[in-house]
Amino acid sequence: EEHGEPWSVRASIIALAMCGSVDSALAAVNALDEEKFLSWQYLDYERILAKVWVAAAQGAVSEAITTTLSAAETARDDGRFATEVVFLQTATQLGDHSSTARLRELEAIVEGPRVGVAARFAAALQAGDGAELAAVSEEFEKIGDGIAALDAAAHAAMAHRRKGLRGSAYGCATRAQALAEKCEGARTP
């Protein structure tokens, strides 16, 4: 069976996991592990991201966060700072808010809008700032990351709910649902 580009394989596996086809996603990850493509070694992080989202879809969110943070540290040690940003953003999407300081440091190193939005996301999650999480959701949507936009909106809804702001919580939850539908029914932890 022919495989596509590494990033498209990862995207396909993540899509399977997020749409509830966890067994199919796990089988695809296992198949990738069996077929170590030498030309893909520089993209091992794609395989790690796929495994992280499969683990999260299986309910092993703490394990997924631990794996993601470990992979971020490895990317940092290897000088792959843009990859580190992706891992730290993923950990934040999964509910970890420990990466704010490092993402702020990476803003001076990594180009492009993602690092700044990811840093704002981690800071807002850490502060429980529902309004900022909602704004971050809109920024992720603008840069084309619908899944991160969905997760930021869901975190915003939870932050508002914890503060008793039911109307704001409902608005953010509705936005998260609309984003999930745009992302073909994606469900994230």
Side-chain angles (χ1 to χ4, degrees), residues 2-18 22 25-126 136 139-152 155 183 186 188-189:
E2 261 188 52
H3 296 282
E5 291 296 317
W7 63 266
S8 67
V9 172
R10 177 207 22 131
S12 297
I13 293 169
I14 291 170
L16 286 170
M18 288 182 182
V22 178
L26 187 57
V29 165
N30 290 336
L32 280 179
D33 282 345
E34 290 173 15
E35 300 178 26
K36 298 260 185 188
F37 298 105
L38 294 178
S39 64
W40 288 10
Q41 284 181 341
Y42 74 101
L43 291 174
D44 276 346
Y45 67 90
E46 296 286 349
R47 181 188 329 266
I48 294 168
L49 281 171
K51 287 181 175 184
V52 161
W53 283 107
V54 170
Q58 291 176 312
V61 177
S62 294
E63 175 188 326
I65 290 170
T66 300
T67 300
T68 304
L69 293 175
S70 176
E73 189 173 314
T74 299
R76 177 184 186 167
D77 292 345
D78 291 346
R80 295 179 356 195
F81 301 116
T83 300
E84 182 184 3
V85 169
V86 172
F87 281 123
L88 295 177
Q89 176 190 314
T90 301
T92 303
Q93 285 177 246
L94 295 172
D96 179 79
H97 55 75
S98 67
S99 302
T100 304
R102 179 59 184 158
L103 284 164
R104 291 287 183 215
E105 290 173 9
L106 288 166
E107 284 183 289
I109 300 169
V110 178
E111 294 180 13
R114 178 173 307 281
V115 65
V117 180
R120 286 178 56 200
F121 187 13
L125 188 64
Q126 187 173 29
V136 164
E139 289 301 314
F140 274 126
E141 188 174 24
K142 285 180 190 173
I143 67 170
D145 192 338
I147 299 298
L150 181 161
D151 286 333
H155 283 295
C183 295
T188 64

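Nothing fancy with the numbering, it's 1 onward along the sequence.
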Any heavy-atom pair between the side chains of [Y] and [X] that's under 4.5 Å?
| X | Y | result |
| --- | --- | --- |
| L69 | L88 | yes |
| I109 | L106 | yes |
| V52 | F87 | no |
| D145 | Q89 | yes |
| Y45 | R80 | yes |

Could you state the interatomic distance from [atom1] ([X]) to [atom2] ([Y]), rounded to the nearest 0.5 Å?
| X | Y | atom1 | atom2 | value |
| --- | --- | --- | --- | --- |
| L103 | R120 | CG | CZ | 13.0 Å |
| R104 | S99 | CZ | OG | 12.0 Å |
| W53 | T90 | CH2 | OG1 | 6.0 Å |

Would you check if the side chain of T100 reaches a backbone N or O of A122 as a donor-acceptor pair within less than 3.5 Å?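 Yes.
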
Please check: side-chain N/O of S70 versus main-chain N/O of T66, any donor-acceptor pairing under 3.5 Å?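 Checking the backbone N and O of T66 against the side chain of S70, no donor-acceptor pair under 3.5 Å is found.
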
Between R76 and E73, is there a side-chain N and carboxylate O pair less than 4.0 Å apart? no

Exactly one of H97, E139, Q93, Q126 should register a side chain to side chain contact (heavy atoms under 4.5 Å, CB included) with F121. Which one does? Q93

Worked verdict on T67 versus K51 for side-chain contact (heavy atoms from CB on, under 4.5 Å): CA-CA 9 Å; T67 300; K51 287 181 175 184; 5.9 Å; no

